[in-house]
**Student:** 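Pasting a structure here, questions to come.
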Amino acid sequence: AKCVDIALSSCTDVAYTQMVYPNFLDQKSREVIEYSSEYLLISVLHNLLQGECNPDLRLLGCSVLAPQCEKDKVIKPCRHVCENLKKNCLPAFDAIDMAWPYFLDCDRFFAGEEEGCFDPLAKLRGEVDAEEDVPSDLPATFIQFKHHSYSQMVSTLKKTASKCSHIATTYSIGRSFEGKDLFVIEFSTKPGHHELLKPEFKYIGNMHGNEVVGKELLIYLAQYLCSEYLLGNPRIQTLINNTRIHLLPSLNPDGYELAAEEGAGYNGWVIGRQTAQNLDLNRNFPDLTSEAYRRAGIRGARLDHIPIPQSYWWGKVAPETKAVMKWLRSIPFVLSASLHGGELVVTYPYDYSMHPMEEKMFSPTPDEKVFKMLAKAYADAHPVISDRSELRCGGNFVKRGGIINGAEWYSFTGGMADFNYLHTNCFEVTVEVGCEKFPLEEELFTIWHENKGALLNYMEMVHRGIKGIVSDKFGNPIKNARISVRGIQHDITTAADGDYWRLLPPGTYIISAQAPGYSRVMKRVTIPARMKQAGRVDFVLRPVEAWPNKLLRRSMEDAYDPYDPLELFDPHAQHGQPEARGGSASGREKPWWWSYFSSLDLHKPLWLLKQ
């Protein structure tokens with residue numbers, strides 16, 4: 001074998017630089033490979049499978065068509081990687097009536113680890129091009145204030161979790177369109193598990209790929225929480241001991257990669273903002289706000305846990321969006337913030353105007369007082385946002401205290417904050433952390449110090465209001481019981497263990513708990529102005545023979561539809577193409593995707609047709 005540089009356009013992003021001719025299919029030149037049906041398949045798979053299992057399948061195919069070569073020696077890809085991918089991706093092929101490609105035969109073209117093999121998907125997990133080593137004699141509190149590439153970010157998060165393994169772990173909520181893991185680092189006294197009455201908090205950064213400050217702040221925050229906990233910082237220890245914290249630094253790593261090519265200091269307003277599918281993630285969530293406005297005029301109707309309309313799935317839904325929605329379903333989040341860039345202000349729902357034609361219209365939620373309290377918690381702890389000068393970045397919002405209702409600033413639909421509030425128990429604000437979207441590296445240290453106190457202060461707000469457990473008279477927890485506050489047309493529901501958290505500002509409230517098959521229980525609760533921890537308010541519900549409240553029954557059925565549209569959604573469905581399989585004879589003979597290979601003449605991939 002003789003190693004040569006890889007010149008195949010669909011394989012230039014593999015984790016190695018040299019390949020060998022002939023390849024494992026005995027294709028002896030670049031031209032032969034590029035005109036082959038195998039190469040055409042890996043080039044179009046992302047379209048055929050609508051992003052499912054890609055770029056994993058393309059990189060796996062490249063490991064066969066462009067085998068790794070080092071020092072004139074060929075290295076085979078690992079069999080276990082092929083087998084795992086086939087297990088996960090075979091349903092996607094079945095969904096479009098396509099056979100598993102013969103050249104991805106795990107026994108024929110792949111090797112066992114004992115034979116010496118390489119993982120062609122290691123790059124997707126950030127295991128190559130990792131962060132450069134830092135000197136070992138640096139103090140435990142050392143943070144590098146720099147821009148992190150995707151692999152450097154993953155490496156830093158994993159190292160941080162390893163250093164604080166008793167209180168931290170990393171996990172992925174899913175994949176980006178180009179296959180990068182959406183990594184989260186979690187801090188808790190029991191990492192990986194929900195604990196009774198311990199509230200769940202999340203920060204999300206880099207939703208727009210070119211707004212990078214939020215991403216870096218969360219990487220620094222993760223390192224800070226770890227090192228300060230180990231050093232015995234009482235504020236940090238109290239926070240982590242009583243809260244489960246989830247940090248997702250980059251929701252749009254594909255967009256970030258594009259923005260990073262322009263480089264720091266380029267204040268780009270467009271390049272890298274959207275995903276690899278050209279979707280703006282903060283316009284891609286279901287529009288539940290319009291439905292909330294429709295319901296607002298109906299007496300007794302609830303403006304919470306609004307189901308996702310089936311029509312939403314007919315549009316283009318990003319895998320990043322679906323990953324967040326499933327994440328929200330799996331963890332009972334209480335409070336959240338999404339970190340953006342381009343201004344210096346904290347905005348809160350609703351983000352969509354109550355009058356669709358009004359671009360700037362104050363459009364409050366039923367929890368206007370709660371959201372103002374939350375937004376001010378971040379703004380007042382930020383030295384620049386709380387500065388009264390109108391000549392600075394964010395100066396337009398000084399008279400408003402550095403906060404504004406989102407729709408009053410500018411109205412848009414499909415936002416993540418409105419979705420959090422109207423579909424789940426989670427309250428989310430949007431923090432615009434600075435006027436420069438991609439600042440120079442030397443500015444990052446100052447930006448961190450301006451935001452550090454505000455980030456901590458906002459996390460601590462998850463402990464405001466009340467919390468408790470709803471159970472029956474035998475002490476069994478009641479899941480999905482509703483917690484209502486008189487005068488606020490928005491309920492929250494109990495988690496699987498019967499625990500709940502209801503964010504509220506100081507004041508006196510009538511709180512009620514109710515569930516299907518149980519009588520309602522009401523309590524009068526006073527939250528003192530100086531109370532910094534959630535007050536404990538438990539409810540014991542007694543069973544009744546019939547549900548007296550028809551509206552309650554209907555709203556419960558709406559909220560917990562067993563036919564979950566997010567679980568049932570088929571990403572491979574050809575929406576809007578009812579005749580994709582063809583009304584003609586030729587359509588019935590060959591699948592709809594056969595047209596992709598029409599240019600191949602004599603070399604059409606008959607091996608993709610199921611017998």
Side-chain angles (χ1 to χ4, degrees), residues 187 199-208 211 213-222 224-225 235-236 239 243 245-249 282 333-351 364-365 367-389 392-406 408-409 415-418 420-421 426-437 446-465 501 503-506 532 534:
F187 290 91
E200 307 269 358
F201 177 93
K202 64 181 165 71
Y203 271 131
I204 296 179
N206 205 204
M207 186 180 202
H208 294 139
E211 298 171 12
V213 175
K215 170 190 167 182
E216 299 305 333
L217 286 176
L218 295 185
I219 295 171
Y220 307 155
L221 179 61
Y224 178 80
L225 291 175
R235 183 182 187 185
I236 302 306
L239 183 62
T243 322
I245 301 163
H246 307 257
L247 309 180
L248 171 54
N282 210 28
F333 288 111
V334 179
L335 182 59
S336 172
S338 177
L339 308 184
H340 290 243
E343 254 299 352
L344 194 57
V345 66
V346 184
T347 75
Y348 60 88
Y350 292 124
D351 282 321
T365 68
D367 280 292
E368 167 72 6
K369 289 181 180 178
V370 178
F371 275 117
K372 286 190 78 169
M373 173 186 73
L374 296 172
K376 282 180 65 63
Y378 197 100
D380 291 351
H382 192 292
V384 182
I385 298 179
S386 55
D387 177 8
R388 303 301 296 171
S389 169
R392 59 168 175 82
C393 166
N396 295 337
F397 304 99
V398 165
K399 291 177 180 176
R400 299 174 181 272
I403 68 173
I404 190 170
N405 170 258
E408 190 175 6
W409 184 22
M416 184 167 67
D418 284 12
N420 269 263
Y421 180 68
C426 191
F427 286 59
E428 180 172 284
V429 303
T430 302
V431 183
E432 300 280 347
V433 291
C435 289
E436 259 194 288
K437 294 195 173 194
T446 300
I447 292 170
W448 161 247
H449 276 276
E450 289 171 351
N451 284 278
K452 180 179 74 174
L455 289 165
L456 297 175
N457 201 50
Y458 186 75
M459 283 193 283
E460 290 166 341
M461 295 303 290
V462 78
H463 295 285
R464 296 300 176 92
W501 306 260
L503 298 172
L504 288 168
K532 304 298 183 187

**Student:** Could you tell me whether the side chain of Asp387 and the main chain of Pro383 form a donor-acceptor pair under 3.5 Å?
**Tutor:** no
**Student:** Quick check against the 3.5 Å criterion: does Asn282 have a side-chain atom that pairs as donor or acceptor with the backbone of Met416?
**Tutor:** yes
**Student:** Is it true that Glu408 and Arg400 have a side-chain N and a carboxylate O under 4.0 angstrom from each other?
**Tutor:** yes
**Student:** So, taking the atom named CD in Glu432 and the one named CD in Glu343, what distance separates them when rounded to the nearest 0.5 Å?
**Tutor:** 7.0 Å
**Student:** First locate atom CE of Met373, then atom CG of Leu504, and finally report the distance between them rounded to the nearest 0.5 Å.
**Tutor:** 7.5 Å
**Student:** Under the side chain to side chain contact (heavy atoms under 4.5 Å, CB included) criterion, do Leu221 and Leu247 qualify, and how do the steps go?
**Tutor:** CA-CA 9 Å; Leu221 179 61; Leu247 309 180; 4.0 Å; yes
**Student:** Can you confirm whether the side chains of Tyr220 and Asn451 place a donor and an acceptor under 3.5 Å from each other?
**Tutor:** no
**Student:** Within the 4.5 Å heavy-atom criterion, are Leu344 and His382 side-chain neighbours or not?
**Tutor:** yes
**Student:** Kindly write out the residues that satisfy ring pair (Phe, Tyr, Trp, His ring centres under 6.0 Å) with His208, not counting sequence neighbours, or none if the list is empty.
**Tutor:** His340
**Student:** Going by heavy atoms in the side chains, are Ile204 and Leu339 under 4.5 Å from each other?
**Tutor:**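 Ile204 vs Leu339: side chains apart.
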**Student:** Using a 3.5 Å distance criterion without hydrogens, assess whether the side chain of Glu211 forms a donor-acceptor pair with backbone atoms of Gly341.
**Tutor:** yes
**Student:** Side chain to side chain contact (heavy atoms under 4.5 Å, CB included) for Val213 and Glu436? Distances and angles first, verdict last.
**Tutor:** CA-CA 8 Å; Val213 175; Glu436 259 194 288; over 6 Å; no
**Student:** State which residue, out of Ile403, Asn405, Val429, Thr347, fulfils the side chain to side chain contact (heavy atoms under 4.5 Å, CB included) condition with Phe371.
**Tutor:** Val429
**Student:** So, for His463 and Pro199, which heavy atoms are closest and what is the spacing to 0.1 Å?
**Tutor:** CE1-CG, 3.5 Å
**Student:** Please name the pair of heavy atoms, one in Gly402 and one in Val345, separated by the smallest distance, quoted to 0.1 Å.
**Tutor:** O-CG2, 3.3 Å
**Student:** Could you grab the distance from atom CD1 of Ile404 to atom NZ of Lys399, nearest 0.5 Å is fine?
**Tutor:** 13.0 Å
**Student:** Okay, side chain of Arg464, backbone of Pro505: is any donor-acceptor separation there less than 3.5 Å?
**Tutor:**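 It does not hold such a pair.
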**Student:** Go through Val334 and Leu503 one step at a time and tell me if the side chain to side chain contact (heavy atoms under 4.5 Å, CB included) criterion holds.
**Tutor:** CA-CA 8 Å; Val334 179; Leu503 298 172; 4.0 Å; yes
**Student:** So, does Thr243 use its side chain to make a donor-acceptor pair with the main chain of Ile245 at under 3.5 Å?
**Tutor:** no
**Student:** Atom SG of Cys435 and atom CZ of Arg392: how far apart are they, to the nearest 0.5 Å?
**Tutor:**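 Cys435 SG to Arg392 CZ: 9.0 Å, rounded to 0.5 Å.
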**Student:** With a 4.5 Å limit on heavy-atom distance, are the side chains of His246 and Phe333 in contact?
**Tutor:** yes
**Student:** Closest approach of Gly214 and Val433, non-hydrogen atoms and distance?
**Tutor:** N-CG2, 4.2 Å
**Student:** To the closest 0.5 Å, what do you measure between CD1 (Ile385) and CZ (Phe397)?
**Tutor:** 10.5 Å
**Student:** Could you pull out all donor-acceptor pairs under 3.5 Å where a side-chain atom in residues 455-462 meets a protein atom, sequence neighbours excluded?
**Tutor:**
from: Asn457; atom 1: ND2; to: Ala377; atom 2: O; distance (Å): 2.8
from: Tyr458; atom 1: OH; to: Ser336; atom 2: O; distance (Å): 2.7
from: Glu460; atom 1: OE1; to: Arg235; atom 2: NH2; distance (Å): 3.0
from: Glu460; atom 1: OE2; to: Arg235; atom 2: NE; distance (Å): 2.8

**Student:** Hey, would you say the Phe201 and Tyr203 ring centroids sit under 6.0 Å apart?
**Tutor:** yes
**Student:** Report the C-alpha distance between Phe427 and Asn420 in whole Å, list the side-chain angles of each, state the deciding distance to 0.1 Å, and finish with yes or no for side chain to side chain contact (heavy atoms under 4.5 Å, CB included).
**Tutor:** CA-CA 6 Å; Phe427 286 59; Asn420 269 263; over 6 Å; no
**Student:** Do Tyr348 and Glu368 get their side chains close enough for a donor-acceptor pair, meaning under 3.5 Å?
**Tutor:**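 Judged by distance alone, the side chains do pair up.
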**Student:** To the nearest 0.5 angstrom, please state how far the CH2 atom of Trp501 sits from the CD atom of Glu200.
**Tutor:** 6.5 Å
**Student:** Please report the shortest heavy-atom distance between Pro349 and Ala417, naming the atom on each side.
**Tutor:** CG-CB, 4.0 Å
**Student:** Does the side chain of Val346 reach to within under 4.5 Å of the side chain of Thr430, using non-hydrogen atoms?
**Tutor:**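 No, their side chains stay 4.5 Å or more apart.
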**Student:** Could you tell me whether the side chain of Asp418 and the main chain of Asp351 form a donor-acceptor pair under 3.5 Å?
**Tutor:**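 Judged by distance alone, yes, a pair lies under 3.5 Å.
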**Student:** Compare every heavy atom of Met207 with every heavy atom of Ser338, then report the nearest pair and how far apart it is.
**Tutor:** OG-SD, 4.1 Å
**Student:** Please report the shortest heavy-atom distance between Asn206 and Pro249, naming the atom on each side.
**Tutor:**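 Looking at all heavy atoms of both residues, the closest pair is CB-O, 3.4 Å.
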